[in-house]
Amino acid sequence: MRRVVPVSDYLDGIRLELEGITRGALSQRDRQWSLETVYLGGGTPSRLGAGGVRGLIELISQQGSIAPGAEVTIEANPDDVTADAVEAWAAAGINRISLGAQSFDDDVLGWMHRTHDTRQIHEAVRLARASGIRNLSLDLIFALPPEIERSWSGDLETALALEPDHISLYGLTIEPATPLARWTAAGSVTPAADERYADEFLLAHELMTAEGFAHYEVSNFAQPGRESRHNSAYWTGASYLGIGPAAH
């Protein structure tokens, strides 16, 4: 992780990209954009800090408008969610947080090299709600190597006890040239078997639908009316614009 986040340089880059698109690629009609959803992520935009996120929303608003009632989401690490940050996010128009919890087991989080612990997940949820941002999503990773001895059912039950509006589940993947790939090649960890992957996915489906969640996408569960409007739009062929590094 960077010791210093180049917030000003990043915002300058976003500004130049937005200006280039509005001058060139978009038609005159499209330049009058009114956004129904804004999604800050993937990556970890919460690392921009309170001022950086506010500046990013301002840049977007300068090139178009964010419609009244729009869904405005930020992906955040739990340890980036502070009282000052969430107050600034709410003031900037953020009304939905996707929190990268991943697990509620500190040993598992340490193995993943996450920078937060379980206490910080709970505190992040509390702070978000106290700020008025009450539409919360939690990310969890399943199908970890058996050597980790993680309780998947325990993580699911803890997540549900926080009463989130939305939960996203992602099976662990082994990417080339990563520490996990090296550990796997060395035989120190074993990828989860297909049967375990399926069993954990189906257990999540069973527990969450029993709590009233709709399994509305492969990886996503939501309480009624809390489906991610932004992600759902991709499935309908709605127009969208990706801005920033690796966006499309």
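If you're wondering where the values come from, they're calculated on a predicted model, not measured in any experiment.
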>> Set out, in order, the CA-CA distance, both residues' side-chain angles and the distance that settles side chain to side chain donor-acceptor pair (under 3.5 Å) for Ser46 and Asn77, then state yes or no.
In response: CA-CA 7 Å; Ser46 59; Asn77 281 340; 5.1 Å; no

> Which atom names give the shortest non-hydrogen contact between His215 and Asn220, and what distance separates them?
Replying inline: CD2-O, 3.5 Å

>> Has Glu71 got a side-chain atom pairing as donor or acceptor with His230's backbone, closer than 3.5 angstrom?
In response: yes

> Within a strict 4.5 Å, meaning less than it, do heavy atoms of the Arg226 and Pro164 side chains meet?
Replying inline: no

> What's the spacing between Arg229 CZ and Asn135 CG if we round to 0.5 Å?
Replying inline: 9.5 Å

>> Grouping I, L, V, M, F, W and Y whenever their side-chain heavy atoms are under 4.5 Å apart, do Met208 and Leu99 come out in a common cluster?
In response: yes

>> Can you tell me how far apart CG (Leu59) and CD (Glu17) are? Round to the nearest 0.5 Å.
In response: 11.5 Å

>> If you apply the rule side chain to side chain contact (heavy atoms under 4.5 Å, CB included), what do you find for His122 with Phe104, and how did you get there?
In response: CA-CA 9 Å; His122 288 268; Phe104 291 91; 4.1 Å; yes

> Does Glu147 CD have over 12 foreign heavy atoms under 6.0 Å away?
Replying inline: yes

>> Between Leu138 and Leu172, is there shared hydrophobic-cluster membership here, with clusters defined by ILVMFWY side-chain heavy atoms closer than 4.5 Å?
In response: no

> Looking at Pro78 and Ala124, what are the two nearest heavy atoms and their distance?
Replying inline: O-CB, 3.9 Å

> Pick one: which of Leu162, Ile167, Asp165 meets side chain to side chain contact (heavy atoms under 4.5 Å, CB included) with Leu136?
Replying inline: Asp165

>> As a test of understanding, state which of Leu127, Ile121, Val125 forms a side chain to side chain contact (heavy atoms under 4.5 Å, CB included) with Glu123.
In response: Leu127

>> Closer than 3.5 angstrom, by distance alone: can the side chain of Asn95 be matched with the main-chain N or O of Ala70 as a donor-acceptor pair?
In response: yes

> Backbone N or O of Pro224 within a donor-acceptor pair of the Tyr216 side chain at under 3.5 Å?
Replying inline: no

>> Using every non-hydrogen atom in the two residues, find where Ala92 and Ile57 come nearest and quote the distance to one decimal.
In response: O-CG2, 3.2 Å

> NE2/His166 to CG/Asn231 distance, rounded to the nearest 0.5 angstrom?
Replying inline: 7.0 Å

> Going through the checks in order, is the side chain to side chain contact (heavy atoms under 4.5 Å, CB included) test met by Ser98 and Asp139?
Replying inline: CA-CA 7 Å; Ser98 178; Asp139 284 2; 3.7 Å; yes

> Would Ser219 and Glu217 count as a side chain to side chain contact (heavy atoms under 4.5 Å, CB included) if you check the C-alpha gap in whole Å, the side-chain angles of each, and the deciding distance to 0.1 Å?
Replying inline: CA-CA 6 Å; Ser219 299; Glu217 280 183 351; 5.9 Å; no

>> Once rounded to the nearest 0.5 Å, what's the spacing between atom CD of Gln63 and atom CD of Glu19?
In response: 5.5 Å

> Of the non-hydrogen atoms in Ala50 and Trp89, which two are nearest, and what is the gap between them?
Replying inline: CA-NE1, 4.2 Å

> Using 30° and 60° as the class limits, which term best fits the ring planes of Phe142 and Trp152: parallel, tilted or perpendicular?
Replying inline: tilted

> Between the side chain of Asp106 and the main-chain N/O of Thr118, is any donor-acceptor distance below 3.5 Å?
Replying inline: yes

>> Rounded at 0.5 Å granularity, tell me how far CG in Leu169 sits from CZ in Phe201.
In response: 7.0 Å

> Which heavy atom of Val7 sits nearest a heavy atom of Leu48, and at what distance?
Replying inline: CG2-O, 3.5 Å

>> Quick check: is Leu203 connected to Leu144 through a chain of hydrophobic side chains (ILVMFWY, heavy atoms under 4.5 Å apart)?
In response: no

> Would you say the side chain of Glu163 lies within less than 4.5 Å of the side chain of Arg129, judging by non-hydrogen atoms?
Replying inline: yes

> Roughly how far, to the nearest 0.5 Å, is OG1 of Thr73 from CD1 of Ile94?
Replying inline: 7.5 Å

> Nearest heavy-atom pair of Glu36 and Ala67: which atoms, and what distance?
Replying inline: OE2-CB, 3.9 Å

>> Do Val5 and Leu11 sit in one hydrophobic cluster, given that two such residues count as connected whenever their side-chain heavy atoms are within less than 4.5 Å of each other, even indirectly?
In response: yes

>> Applying a strict under-4.5 Å side-chain criterion to I, L, V, M, F, W and Y, I'd like to know whether Val108 and Leu160 cluster together.
In response: no

> So, does Glu200 use its side chain to make a donor-acceptor pair with the main chain of Ala143 at under 3.5 Å?
Replying inline: yes

>> If we count only N and O atoms by modelled type, under 3.5 Å, do the side chains of Glu75 and Tyr39 hold a donor and an acceptor together?
In response: yes

> Taking the six-membered ring for Trp, are Trp111 and Trp183 parallel (under 30°), tilted (30 to 60°) or perpendicular (over 60°)?
Replying inline: tilted

>> Go through it in stages, so that I can follow the logic: the residues are Ile148 and Asp105, the test is side chain to side chain contact (heavy atoms under 4.5 Å, CB included), and I'd like the CA-CA distance, side-chain angles, deciding distance and then a yes or no.
In response: CA-CA 11 Å; Ile148 307 307; Asp105 183 318; over 6 Å; no

